[in-house]
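The structure under discussion appears below in the form of structure tokens.
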Amino acid sequence: MPPIQVRGAKISLMSQTVLNSALPAKREITTKPRLSDRIFRSVVTSGGLSSLVILGLIFIFLLYQGYNTLHSQGIHFLTGSNWNAALNDSGSLDLKNSQFGIAAMLIGTLVCSTIAIIISVPISVMTALFLNFYAPDRIKKFMVTVVDLMAAFPSILYGIWGFFVLMPSAVYIAKLLHLYFGWIPFFKMEAPVFDRSPFIAGIILAIMIIPIVTSISREIFSQTPLDRVQAAYALGATRLGMIKAVAFPYARGGIIGSAMLGLGRAMGETVAVYTVLNIVYQVNWHVLLGAGGNIASMILLKFGEAGPDEVKALMAAGLVLFVATLIVNSLANIIVRRTSKGGK
Amino acid sequence: MTTTVSTPSSIIPEPRRPWLATPRQRAEVFAVIFIAAIIDISLVAITPLKGKLAYLGLFLIIYPALDYLVVRAQRGKSAGSDALFRALVNFSMAIALLPIVSILWTVWSRGHKGLHWNLFTQDMHSASVTDPVLTHGGLIHAVIGSILIVVAALVVAVPLGLLTAIYLTEIQGKFTRPIKFLVQSMSGVPSIVAGLFILAAIVYPVTKTFNGFEGSLALAILMIPTIARTAEEVLLLIPHDLRETGLALGGTQWRTVQKIILPAARSGLVTAMILGVARVAGETAPIVLLTGGGDTTNWNLFNGPMGTLPFYIWKGFGAGTDESFQRAWTGILVLLVVVLVLFALARFLGGRRNSK
């Protein structure tokens, strides 16, 4: 055993033999983690990477199962609007002659979720403003709980409520829109079928994403620097003046981000849209007409009647939906994070 | 000698609360509402607009406009637009609340008619869609199936979600930022995609039949981000001193996390699990794709179709008879009560944590 080292100086206290017998063996001082910690860290790290693994696996498996469809249809998968599963003589799917194009449903997804955003964002932002700057404390707490509760409601509940309760009122609004704004191309009607239209599906989606958009924009409004708010009041601003000059510029990016998060949710919504919307496989820009669909609800509809080969085409459609929602959500998260952390 | 200084009561001013509205101001507000209501009713009477919706919609336009004009006449332009905006903001909150009130009321008023004890003692294997609701069939199979599937999903999702949260707060390695980002993105994965993934990865290549556990796996995918994000928030609330104390006492990081951090965060972690359950309890799309949805009670997760509450509702709604609609509404009522209880439980635990 060498002499003890204290900050580089060698100190020998006693003779080696006495030292060895009096003291226990010197403990090794090291920053290297123990074995238990190494195991702990590697287990936690691999568990932490599970989200990456799952997202990767979703992509790989949907691509693997949908590859044949994507390969045989090429770009028509995104631009075509026909969905015909042709069978050959032996009863299995004839990929050459069948047409799988999801453009109609892509447009349907776009139409429904755009309506949802147009309706929900103003209401949500105003609600967030109410909760932050207008509501008394007690009412605020209660309302925040209620809005959070709305986010926890299952989508089938919204769907069935929309079908039985909301539909009559929404049809009434749709008829009014058609009566007074029928000259706008979107509100044209070729046949008077107002039930189960993309417009009504859009309203349901709007109601479903109001809690999401509200709670995120509320959080961002609540981070408005208090000194600036009070400075605005001190300068004699009304509440509206303060919101216009301070709160809104501060939160603008976050509101855009929260709207995009809502968009991502609306794009992927399945059951509520399936329940309310009359799913017809065609391109329909006339939002009041009772025919339309979105990718998610189309997958659910076709799944019931599809053979195992056609399901692979549905998986390709699912892949498109997955990638689209992932892109929208990632962008939204980046925007929200940038706003809520940095400030301006 | 003591002198009592008695001040004439006229000198002490009455305590005033200048922030409160004076009776005159209140009367003005009521007058504006009253006049707006009168205009509203008369407009509905003379125009072709009809119904409750017309009254409501017109009032939402007339009241802010009238308020604007009155306040503007009294106090000028900027006060007027402030009043207009305040009215709009209040109405937005009311509009946002309208659906939830309507949903709660509808579910109760339509669902309670189907409540009876058979509901929790019988399944649907001998009841057809046209059998009367109160005497035939129940949803015990759906309740059992839902519980089994959700518990299995918890068993899969809790370790992964918890490990993710521990990685994000305790280890903070070089993957922290990307993992945070991925977890957030993962919470946006549509439920139908999760179902399709299990279909593509497990049902078609391996099992080739539907069973409850496949549904659990899909639900676990939806559950992981909720659990991970909530648990991360909870672990971040644990004071840093506790970690340092554990290390200073000579504990390894593993022992510190195991003996100090996790026990300290226990109620918060339970909240995370409850929120995860609430997130997936009503998920319908992956359940419809994967579980097969049986009508008989099935205790085996790995064999045979399994009924669940969302599937029960889905089927009742799809069957289209009056009796099946009634079953669907009652199913929704049961599901809603479950979600409400879970939500209240999470609030209760979360609130207790914050007050500490």
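Proteins come first, then strands; the chains are lettered A, B, ... in the order of their sequence lines, and each starts at number 1.
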Report task. Go through the steps to decide whether A:Asp37 and B:Arg255 satisfy the test salt bridge (Lys or Arg N to Asp or Glu O under 4.0 Å), and finish with yes or no. Result -> CA-CA 9 Å; A:Asp37 261 8; B:Arg255 298 290 273 178; over 6 Å; no

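- The aromatic rings of B:Phe210 and A:Phe303 sit perpendicular, their planes meeting at an angle over 60°, well past the 30° parallel limit.
- Interface residue B:Pro99: backbone and side-chain heavy atoms are both found under 4.5 Å from chain A.
- Between chain A and the options B:Leu88, B:Ile95, B:Ile224, B:Leu84, the largest number of non-hydrogen pairs under 4.5 Å is found for B:Leu88.
- Heavy atoms of A:Ser169 lying under 4.5 Å from chain B belong to its backbone as well as its side chain.
- The CD1 atom of A:Ile58 sits 5.0 Å away from atom CD1 of B:Ile221, with the distance rounded to the nearest 0.5 Å.
- Looking at A:Tyr274, the atoms closer than 4.5 Å to chain B (heavy atoms on both sides) all sit in the side chain, from C-beta outward.
- Classified by interplanar angle (parallel below 30°, tilted 30° to 60°, perpendicular above 60°), the ring pair A:Tyr134/B:Phe85 is tilted.
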Report task. Show the numbers, then the answer: is there a side-chain contact (heavy atoms from CB on, under 4.5 Å) between B:Tyr204 and A:Lys312? Result -> CA-CA 10 Å; B:Tyr204 283 127; A:Lys312 293 192 172 167; over 6 Å; no

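- The contact between A:Ser330 and chain B is made by backbone and side chain atoms together, counting heavy-atom distances below 4.5 Å.
- For B:Val280, no part sits under 4.5 Å from any heavy atom of chain A, backbone or side chain.
- For A:Val165, the part lying under 4.5 angstrom from a heavy atom of chain B is the side chain only.
- Residue B:Leu168: no heavy atom, backbone or side chain, is found under 4.5 Å from chain A.
- For A:Val43, the parts lying near chain B are the backbone and the side chain together; criterion is any non-hydrogen pair under 4.5 Å.
- Only the side chain of A:Ile207 comes within less than 4.5 Å of a heavy atom in chain B; its backbone stays farther off.
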